Each structure stands twice: as structure tokens, then as C-alpha cells.
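Throughout, numbering of the chain's residues begins at 1 and tracks the sequence. Just so you know, ligand 1 is whichever comes first in the structure, and atom 1 is the first atom listed for that ligand. Computed from heavy atoms alone, side chains included, the values below leave out hydrogens, waters and symmetry copies. Since we're looking at a predicted model, the values are computed, not measured.
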Amino acid sequence: MQTVAVIGGGISGLAAAYRLVTSGQDVEVVVLEASDHVGGIVRTEHVDGFTIDGGPDSFLSMKPRGIGLARELGLEDRLQWTNEANRGSFLYRKGALHPLPEGLTGLIPTKLAPMVKTPLVSPRGKARMALDFVLPPRMGDGDESLRAFISRRLGSEVFDNLIEPLMAGIYSGDGSQLSLAATFPQLRAGEKEHGGLIKGVLAGRKQQAMRAIGHQTQQGFVSFRAGMHELPDALKTVIETHGGVIKTGRRVARIDRLDDGRFVVAQDGENRAWSDLFDKVILAAPVRAQAELLQHLDADGARAMVEIPVASSAAILLGYRESTQARAPRNYGYLVPRIEQRPIKAVTWLSSKWDDRAPEGHFLVRGFIGRVGQQEVLQHSDDKLVGLVRQELLDVNAISGNPVVQRVYRLDEAMPQYTVGHLERVARLEAAMERVPGLAIAGNMLRGVGIPDIIAAGEAAADRLLRQEGHAGG
Ligand SMILES: Cc1cc2nc3c(=O)[nH]c(=O)nc-3n(C[C@H](O)[C@H](O)[C@H](O)COP(=O)(O)OP(=O)(O)OC[C@H]3O[C@@H](n4cnc5c(N)ncnc54)[C@H](O)[C@@H]3O)c2cc1C
């Protein structure tokens with residue numbers, strides 16, 4: 001019997017534990033979670049008839065392990081797709097909201113007519129974009145920033161006005177720092193293979209559509225009827241049913257490896273401390289905590305982890321009663337480009353995007369605050385953050401009146417930044433795992449931040465340990 005400690009009970013850690021307990025191998029699994037709940041930044045609250053997701057509100061259906069895991073857990077009937085009747089998103093520019101042009105596939109415009117019509121890009125910017133069809137691909141294989149790449153192919157105006165807010169919606173990051181190779185490698189591959197960015201995306205879209213038909217997969221974003229927490233709840237149930245143990249209120253303070261290859265895992269709880277021995281360990285905590293835990297296991301791994309920058313953000317959720325002054329628009333929401341220099345980066349009309357998120361006669365709104373380079377705004381009090389979102393809603397002439405429910409969720413240092421050179425840091429983390437048998441690293445700091453990616457990363461970490469026989473000394 002092998003004993004495995006999984007450090008962190010967010011989606012990464014739970015996915016790893018799930019894989020271990022359902023592997024059919026003789027493993028004893030203990031998840032050690034610092035807080036009093038599982039799910040990490042996936043948090044759902046039910047307040048006065050509102051279903052409030054304070055972290056992620058959905059995941060991409062195209063990536064296999066999100067939907068795949070939900071199905072394995074018996075959650076197929078619980079999946080909820082976005083409300084098609086209200087489909088559509090907007091972009092804030094110079095005091096007004098403009099529809100996002102249709103056909104933005106994987107960030108890149110692929111339909112001519114909506115791009116010709118949109119006021120979001122000037123005629124000069126549109127002409128520059130068209131050069132993508134004739135400009136030769138870049139020589140050489142080095143990494144470059146997302147902004148450098150898109151500006152090179154489509155022009156900087158298209159990046160700043162259109163692509164930047166879409167990209168920031170995923171990474172909260174600064175496009176002039178984010179690595180193309182670590183975030184959208186398919187764009188560079190498309191450029192190399194097809195000679196241009198738009199041609200590459202069109203070819204990729206065709207292939208994706210063929211695959212989707214083959215798998216009968218609905219496209220787009222998907223959530224759960226009672227909110228995102230259905231996923232960690234179901235994982236917890238299955239892990240425990242298979243004999244796994246989940247201990248909350250256990251912050252892992254330090255991990256050491258003994259000469260015989262086993263790991264000593266020291267933990268703190270409320271007024272107590274524990275120290276347990278395990279054959280193997282999976283690290284699935286957020287990036288800053290992982291860096292500390294790696295310190296006594298592999299110095300270069302710990303350094304690589306420290307070199308990954310992180311961003312914080314806050315989600316402000318406001319529930320309103322519908323009235324003449326307050327009514328949510330019938331679309332999904334809008335994004336605010338960095339060049340507007342506004343504190344709010346996105347507003348989502350959550351109850352227009354998803355059915356049943358608000359009680360009859362009410363609606364639910366979310367404002368996101370905090371991008372890389374504008375983190376100081378997060379030092380404001382909760383009341384001030386609520387005030388900023390309410391002012392934003394007034395400014396776009398959307399909503400006045402008082403909310404009946406308000407919640408502020410702070411997602412501190414929750415988003416690793418895949419800056420230029422990120423893949424080299426990931427390679428160093430992989431080398432650390434090679435040097436320390438029995439250790440595996442999971443989490444959102446590796447090769448994807450989205451929920452399907454981190455499920456895959458958690459499962460890969462479990463598979464890595466399942467392939468290794470015994471502990472190093474055993
Ligand atoms: C604001 C925001 C919105 C997002 N929206 C989406 C979205 O809509 N769709 C999508 O697919 N992705 C989204 N993401 C990304 C995705 O939600 C995250 O990447 C993912 O949930 C991270 O999961 P995790 O398990 O790796 O980490 P976490 O959720 O951070 O879990 C780590 C766990 O480790 C615990 N822990 C920390 N230190 C210790 C310790 N020393 N000992 C023991 N336990 C410890 C923590 O308490 C926590 O429970 C979003 C991210 C952010 C920040």
C-alpha cells in the first residue's frame with residue numbers, strides 16, 4: 001500500500017486525488033487543505049434566491065477534461081449551457097458600448113463583414129490588419145510576447161482595441177509581457193504552417209468543427225445548474241466513497257524528504273500541529289505556496305516557481321430587483337480594454353448569461369477589478385470596490401438604484417502570469433520532479449489556467465506517481 005499526500009484541495013488537487021483513488025491501484029490518498037472547504041477559488045454561495053459564483057463561473061467545453069470529468073462524475077444532467085437567446089458581448093470604448101464583432105475565433109478576427117463594419121478599429125487599422133494575408137512568417141523559433149506577435153501580424157490598434165481585452169479576460173495579464181508560446185502556441189503554429197495568422201486560425205477552426213461533429217460536443221462555455229461548486233462537491237463525494245481522506249483546516253507548512261525517499265509533511269491547524277509520513281506527494285497549492293513547499297525539496301524548482309509572477313483580482317457581485325432604473329441588458333456583458341484606464345476590466349450580466357441565477361424579478365451582475373499593472377486598486381475596502389462597480393454601471397447608463405445583495409470575493413495571487421520564458425520555467429519544474437522521485441507538481445502555473453487544463457494537470461501528476469514503483473527507498 002502506497003501513501004500519497006495531495007497538498008491543496010482546489011480543483012487541481014481534487015482531480016489528482018480522484019485519479020489516484022479510482023486507479024485501481026493500492027494507494028491510500030490524503031488531501032490536506034488549508035482552508036475549511038474544498039474547491040479552492042471555486043466558490044458558490046446561495047443567497048436569498050441568488051446563485052453566486054465568486055470565482056470561475058464556467059469552463060470551456062471544447063477542452064476534453066472539463067466535460068469529460070463532469071460526465072465521469074455523473075454530472076451530465078447538471079451541466080448548464082449559456083442562454084443562447086441572450087448571446088452577445090460588448091466592448092467599452094470612448095464612453096460607449098459597441099458589439100464585439102462576430103467571428104473572433106481564439107482571439108483572432110475570422111469574419112470579414114463584421115470587421116469591416118465595427119467602429120472599434122479605424123479604417124487605417126483595418127487596412128493594416130489585412131496585411132496579415134501578405135506578410136511573411138517570422139523566422140526563428142524564440143518566444144515573443146502576445147502583443148508583439150499580434151501587432152506584427154495584425155497591427156497594434158487591433159491588439160489594443162480588440163484582442164487585449166479578450167486576452168485579459170483569460171489571464172488578467174499584460175499582453176506585452178505574456179508569452180505567446182505559453183498562452184496561444186496554436187497562433188504561432190498557424191502562422192508558420194499557413195503563412196498568416198487569419199489563414200491559420202481559419203484552417204484550425206475547420207479542423208475543430210470536424211472534431212466537434214465527430215464527438216457531438218456542444219461548443220462554448222458550460223457551468224452547473226447550482227453553480228460551479230457542484231464540481232468540487234462531486235469530486236469530494238467520489239474521493240471519499242473510494243476511501244480517500246480529505247482533511248480541511250490543515251495548512252502544510254513544510255515538506256522534507258528522508259534518505260529512504262519518504263516525505264515528512266508538517267502541517268498547522270487551529271492551535272495544533274501535525275507531522276505525517278507519506279511515500280509520495282502531489283503539490284496542488286497556488287503558485288506562491290508551492291514555491292515555499294518546494295524549498296526543502298529542490299532549490300532550483302523553488303526558484304523557478306518564485307520567478308512566475310502572479311496577479312490578484314476581485315469579483316464584485318451585485319443582485320438587484322428589476323425596476324425602471326435597474327434592468328440587466330439581454331446580453332452577456334462587456335469588456336474594458338486596458339487603454340481606457342478604467343478600474344473595472346469586465347462586467348457580466350450573469351443572470352442574462354445563465355438561467356436561474358437570480359430569483360423572479362431580480363438580476364445578478366458581476367464586475368471584475370484588478371489587472372497586472374493596476375493592482376493597487378485592490379487595496380481599497382470592500383465598500384469602495386462595490387462603489388467602483390456601481391459607478392461603472394451608472395457610467396454606462398445601465399443601472400442605478402441600490403443592490404439588494406452584494407458580495408466581494410478577493411482572489412489574491414490566484415492567477416499565475418505566463419510571461420515570456422514561462423515554458424523554460426515549466427521545464428525547470430519538470431526537471432525538479434525528475435530529481436525528486438515521489439514528487440509531482442500540479443496546479444494552474446504549468447501549461448494552462450482554465451479548469452479543463454488544471455484537471456488534466458492534476459491527473460497527469462497522479463499518473464506520474466502511479467507509474468513510479470514504491471517510494472525511492474522501497
Ligand atoms: C478571478 C478568476 C476567474 C477565473 N475564471 C475562470 C473561468 O471562468 N473558467 C475557467 O476555466 N477558469 C477560470 N479561472 C482559472 C481557474 O479557476 C483556476 O486556475 C483554478 O480554479 C485554480 O485551481 P487550483 O486547484 O489550481 O488552485 P486553487 O483553487 O487556488 O486551490 C488551491 C488550494 O490549495 C490550498 N492551499 C494553499 N496553501 C496551502 C498549504 N500550504 N497547505 C494546504 N493547502 C493549501 C488553498 O486553500 C486552495 O484551496 C479563473 C481564475 C481567476 C483568478
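The minimum heavy-atom distance linking V264 with S275 is given by the pair CG1-OG, 3.3 Å.
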Candidate pair Q80 and R357, rule side-chain hydrogen bond (donor to acceptor under 3.5 Å, both in side chains), full reasoning: CA-CA 11 Å; Q80 184 183 32; R357 296 295 154 128; 2.4 Å; yes
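Around CD of E430, the count of heavy atoms belonging to other residues, nucleotides or ligands within 6.0 Å exceeds 12. Within 6.0 Å of CD on E102 lie no more than 12 heavy atoms contributed by other residues, nucleotides or ligands.
Contact annotation: for V38 versus ligand 1, there are no heavy atoms closer than 4.0 Å. Only backbone heavy atoms of A284 (N, CA, C or O) come within less than 4.0 Å of ligand 1; its side chain stays farther off. Contact annotation: for S313 versus ligand 1, heavy atoms closer than 4.0 Å belong to the side chain alone.
Side chains of L318 and R407 form no contact here, defined as non-hydrogen atoms less than 4.5 Å apart.
If you number the atoms of ligand 1 from 1 as listed, the ones under 4.0 Å from a heavy atom of D57 come out as 8 (O). Residue N444 approaches ligand 1 through these ligand atoms, each under 4.0 Å from one of its heavy atoms: 18 (C), 19 (O), 22 (C), 26 (O). The atoms of ligand 1 that sit less than 4.0 Å from any heavy atom of S58 are 7 (C), 8 (O), 9 (N), 10 (C), 11 (O). Close contacts between ligand 1 and V449 involve ligand atoms 15 (C), 16 (C), 18 (C), 19 (O) [criterion: under 4.0 Å to a heavy atom]. Which parts of ligand 1 touch R251 is read off a 4.0 Å heavy-atom cut-off, strictly below it: atoms 40 (C), 41 (N), 42 (N). In the vicinity of A289, heavy-atom distances shorter than 4.0 Å reach the ligand 1 atoms 38 (N). Taking every heavy atom of I7 and a limit of under 4.0 angstrom, the matching atoms of ligand 1 come to 42 (N), 43 (C). The distance from ligand 1 to the heavy atoms of I11 drops below 4.0 Å at these ligand atoms: 25 (O).
Heavy-atom proximity to atom 37 (C) of ligand 1, evaluated over P286, A34, G8, is greatest for P286. Remark: among candidates G10, G448, G9, the nearest residue to atom 31 (O) of ligand 1 is G10, based on non-hydrogen atoms. Around atom 52 (C) of ligand 1, the closest heavy atom drawn from L411, I41, L231, V222 belongs to I41. The residue among P416, P56, G169, G66 with a heavy atom at the shortest distance from atom 14 (N) of ligand 1 is P56.
At least one heavy atom of R250 lies less than 4.0 angstrom from ligand 1. Proximity of Y409 to ligand 1 is not established, as no heavy-atom distance is less than 4.0 Å. In this structure, A315 falls outside the shell of residues with a heavy atom less than 4.0 angstrom from ligand 1.
Under the 4.0 Å criterion applied to side-chain N and carboxylate O atoms, R464 and E459 are not assigned as salt-bridge partners.
Ring geometry for Y334 versus W349: interplanar angle of 30 to 60°, hence tilted. Using cut-offs of 30° and 60° for the angle between ring planes, the Y171 and Y418 rings count as tilted.
Cation-pi geometry between R257 and F263 is met: the NZ or CZ atom falls under 6.0 Å from the ring centre, inside 45° of the normal. Seen from the ring of Y92, R342 counts as a face-on cation partner, given the 6.0 Å and 45° thresholds.
A donor-acceptor contact closer than 3.5 angstrom links the side chains of D276 and Q267.
Taken to the nearest 0.5 Å, the CE atom of M415 stands 9.0 Å off from the CD1 atom of I170.
In terms of polar-atom proximity, S12 is counted as a contact of ligand 1, with an N or O under 3.5 Å from an N or O of the ligand. On a distance-only criterion, M415 and ligand 1 share no N/O pair closer than 3.5 Å.
Scanning the protein for heavy atoms near atom 46 (C) of ligand 1, the closest one is E33 OE2, 3.5 Å.
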